[in-house]
Amino acid sequence: MESFLFLMHVYVFVLAIFVGFELITKVPPTLHTPLMSGSNAISGITIIGAILSAGLEQFTISTILGMIAVIFAMINVVGGFLVTDRMLKMFKKPSRPGSERK
Amino acid sequence: MMRIAIELTYLISSILFIFGIKYLSSPKTARKGNLYAAIGMFLAIAATLLDQEVLTFEWIIIGAIIGSFIGILLAVKTPMTGMPQMVGMLNGFGGGASTLVALSEYFKLNPNYPVDTGIPFDLPVDTGIAIVLSLLIGGVTFTGSMIAFGKLQGLVTGKVVKYPLQHPFNLFLILLVLAGGVFILFNPSNIIIVLIITFISLVLGVLLVLPIGGADMPVAISLLNSYSGLAGSTTGFVLGNNELIIAGALVGASGIILTNIMCKAMNRSLMNVVMGGWASAGAEGPAVESKIHKGTVKSVDAEELAMLLESISSLIIVPGYGMAVGQAQHAVRDLMNVLEKKGVKVRFAIHPVAGRMPGHMNVLLAEAQVPYDKLLAMEDINEDFSNTDAVIVIGANDVVNPAARHDQSSPIYGMPILNVDYAKTVIINKRSLNVGYAGIDNELFFYPNALMYFGDSKSAMSELVKQLSGANS
């Protein structure tokens with residue numbers, strides 16, 4: 001039963017890789033930097049594991065490791081999404097050619 | 001009941017991630033996509049906090065506050081020219097978090113820690129494998145990204161670093177980790193081995209990224225990006241959590257695709273880049289110097305150049321890493337504006353590996369408010385050089401070296417380049433005649449239609465703009 005569950009996870013992993021390939025080949029080169037920082041933020045999903053470790057009932061070494069992991073993952077998540085937004089905000093198409101902005 | 005609600009929230013969150021990336025397929029929807037992904041993350045965190053396993057909150061809250069604070073600081077303070085470093089560092093934290101979670105999980109599962117209870121430690125094989133892989137990939141990502149950050153920030157040498165027995169030694173370390181992993185599966189209680197595996201993985205990250213040269217950073221950063229995703233996935237296997245597996249796989253796929261694009265754009269295999277770059281052509285390197293071009297270069301100053309640009313009707317600007325170093329993107333934008341007012345059609349040609357990370361030039365020019373539809377990828381603009389009056393190359397070198405097309409002895413032979421030499425006039429802005437990253441002369445500088453415009457990219461462009469607007473009044 002255990003190994004069956006593990007296989008299901010492998011299934012999910014393989015299918016998600018395919019979804020990833022499909023999606024990412026459609027991202028234009030001009031957005032490759034935001035793609036990296038944005039996907040980076042998504043990889044901060046490890047925060048789930050970090051929270052589960054840091055929130056244990058008893059204080060052990062797992063709690064300490066978990067808390068540092070929360071810090072790391074949170075930097076990744078918050079920094080990643082914010083900086084991606086900051087970049088994407090700049091990608092604007094002007095209404096008229098030869099915009100007058102100085 | 002709660003369990004089901006949490007799992008469903010994870011599902012919704014995963015879907016939001018997928019849509020988030022999907023919307024990145026166009027600059028128009030990209031910002032919305034990022035927001036979707038952020039909401040997905042928020043939901044995932046909220047759901048996890050409701051998990052029955054989470055009983056104390058103070059450490060989570062402290063960690064979250066510290067992490068958010070640092071994250072906000074980094075996101076707000078980092079200049080656009082520093083984006084490669086920023087992404088490098090974020091990668092590292094992601095990898096570091098995976099390693100820590102795997103370690104933490106190991107201690108949680110170990111019944112004989114901190115006190116020996118005498119209960120046999122029954123570590124399921126799949127969990128054991130996942131823990132070891134998390135430690136390995138997470139550790140390599142963490143220190144590797146920090147070295148990449150150091151290289152991009154100028155704290156660690158950007159040169160290709162070589163040391164004796166480099167590759168055999170790295171291979172040995174990897175085998176050591178794997179052997180340790182197998183050992184752990186049979187003797188899960190051996191904490192020392194787990195710590196040694198962690199330590200070696202961290203050392204490996206340093207050793208693997210250190211040899212990679214500065215201009216190969218787009219590949220290194222993409223690869224580390226992929227690793228940070230895979231580390232997330234392996235953590236998902238440790239915890240048996242599908243959302244981590246999905247999100248990690250998406251990021252892993254993204255990094256692999258970008259790595260592939262970067263390698264293709266340099267006509268090199270991933271192996272070649274990871275092993276330490278063009279300089280690995282090694283012995284043949286100096287021999288190339290015998291072919292030093294005997295011709296002379298024509299140099300122009302801002303005034304002459306302004307006169308020349310007065311008479312053209314189309315211009316393509318080719319930015320490279322030199323523009324980023326000189327922070328010249330705003331001056332370049334001014335140049336575009338002043339020329340457009342004179343009726344010149346101005347476009348930009350972006351080589352995939354221009355700069356230090358995928359899309360680096362695009363972000364800088366976007367910051368300077370150059371509309372993104374003026375930035376064209378190599379394959380979309382390469383045909384147009386032959387009917388263009390002038391090209392200005394700003395701080396790029398190897399990506400415009402015609403030797404890549406015809407000189408079979410050149411180390412960059414076969415690399416796709418921007419065909420700037422087909423234009424009527426090519427103006428090259430550089431600080432000196434120094435060689436580019438590949439360490440070879442650029443014959444383009446000696447072409448009859450090439451003009452060298454020496455100077456720091458920012459001041460050179462500003463001076464040119466001044467001359468052009470002066471002549472106007």
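We name chains A, B, ... by the order of the sequence lines, and we start the count at 1 in each one. What's counted below: heavy atoms across the whole structure, side chains too, no hydrogens, waters or symmetry copies.
Side-chain contact, Ser134(B) with Ser98(B): no donor N or O sits under 3.5 Å from an acceptor N or O.
Only the backbone of Val76(B) comes within contact range of chain A, with at least one heavy atom under 4.5 Å from a heavy atom of that chain. Neither the backbone nor the side chain of Ile350(B) comes within contact range of chain A; no heavy atoms are under 4.5 Å apart. For chain A, the nearby parts of Ile18(B) are the backbone and the side chain; heavy atoms of each come within less than 4.5 Å. If you measure heavy-atom distances from Leu73(B) to chain A, you find no contacts under 4.5 Å at all. At a 4.5 Å heavy-atom cutoff, Leu35(B) makes no contact with chain A through either its backbone or its side chain. Only the side chain of Asp51(B) comes within less than 4.5 Å of a heavy atom of chain A; its backbone N, CA, C and O stay farther away. Interface residue Ala41(A): only backbone heavy atoms are found under 4.5 Å from chain B. With a 4.5 angstrom heavy-atom cutoff, Tyr10(B) touches chain A only via side-chain atoms. Heavy atoms of Tyr106(B) lying under 4.5 Å from chain A are absent altogether.
The candidate with the highest count of non-hydrogen atom pairs below 4.5 Å against chain B, out of Ile68(A), Ile61(A), Ile47(A), is Ile61(A). Contacts with chain A were tallied for Glu58(B), Glu105(B), Met336(B), Glu243(B); Glu243(B) has the most, counting heavy-atom pairs under 4.5 Å. By number of non-hydrogen pairs under 4.5 angstrom with chain A, the leading residue of Ser68(B), Gly255(B), Gly240(B), Gly236(B) is Ser68(B). Your options are Ile42(A), Leu35(A), Val27(A), Leu88(A), and the one with the most heavy-atom pairs under 4.5 Å with chain B is Ile42(A). For the set Gly63(B), Gly96(B), Ala253(B), Pro352(B), the count of heavy-atom pairs under 4.5 angstrom toward chain A peaks at Gly63(B). Contacts with chain A were tallied for Ile65(B), Val101(B), Thr235(B); Val101(B) has the most, counting heavy-atom pairs under 4.5 Å. For the set Glu22(A), Met67(A), Arg86(A), the entry with the most heavy-atom pairs within less than 4.5 Å of chain B is Arg86(A). Counting heavy-atom pairs under 4.5 Å between each of Thr60(A), Val10(A), Thr33(A), Val19(A) and chain B puts Thr33(A) at the top. Interface summary for chain B: among Leu31(A), Val14(A), Leu82(A), Ile17(A), the most heavy-atom pairs under 4.5 angstrom belong to Leu31(A). The most heavy-atom pairs under 4.5 Å with chain B, out of Ile48(A), Thr84(A), Val77(A), come from Ile48(A). With chain A as partner, the option from Met89(B), Glu53(B), Met41(B), Met357(B) having the largest number of non-hydrogen pairs under 4.5 angstrom is Met41(B). When the candidates Gly355(B), Gly229(B), Ala64(B) are compared by the number of heavy-atom contacts under 4.5 Å with chain A, Ala64(B) comes out ahead.
In this structure, Thr78(B) contributes its side chain and Ala75(B) its backbone to no donor-acceptor pair below 3.5 Å. Side chain of Arg356(B) to main chain of Pro84(B): no donor-acceptor pair is present (N/O by atom type, distance under 3.5 Å, no hydrogens or angles). Side chain of Ser39(A) to main chain of Val251(B): no donor-acceptor pair is present (N/O by atom type, distance under 3.5 Å, no hydrogens or angles). Side-chain atoms of Ser26(B) come within 3.5 Å of backbone atoms of Lys28(B) as a donor-acceptor pair (strictly under, hydrogens ignored).
By the 30° and 60° cut-offs, the orientation of the rings of Phe59(A) relative to Trp59(B) is tilted. Using the six-membered ring where Trp is involved, Phe13(A) and Phe237(B) have ring planes that are perpendicular, over 60° apart on the 30 and 60° scheme.
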Cut-off 3.5 Å, no hydrogens considered: what does the side-chain donor-acceptor table look like for residues 49-56 of chain A, sequence neighbours left out?
| from | atom 1 | to | atom 2 | distance (Å) |
| --- | --- | --- | --- | --- |
| Ser53(A) | OG | Gly49(A) | O | 3.3 |
| Ser53(A) | OG | Ser104(B) | OG | 2.9 |

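In this structure, the ring-ring contact (aromatic ring centres under 6.0 Å, His included) partners of Phe107(B), at least two apart in sequence or on a different chain, are Tyr113(B).
Going from atom CD of Gln58(A) over to atom OG1 of Thr56(B) covers 10.0 Å, rounded to the nearest 0.5 Å. A distance of 7.0 Å separates OG of Ser145(B) from CD1 of Ile221(B), quoted to the nearest 0.5 Å. Here the OG1 atom belonging to Thr234(B) is positioned 9.5 Å from the CG atom belonging to Leu239(B), to the nearest 0.5 angstrom.
Under the side-chain contact (heavy atoms from CB on, under 4.5 Å) test applied with Thr30(A), the options Val363(B), Leu376(B), Asn362(B) reduce to a single match, Asn362(B).
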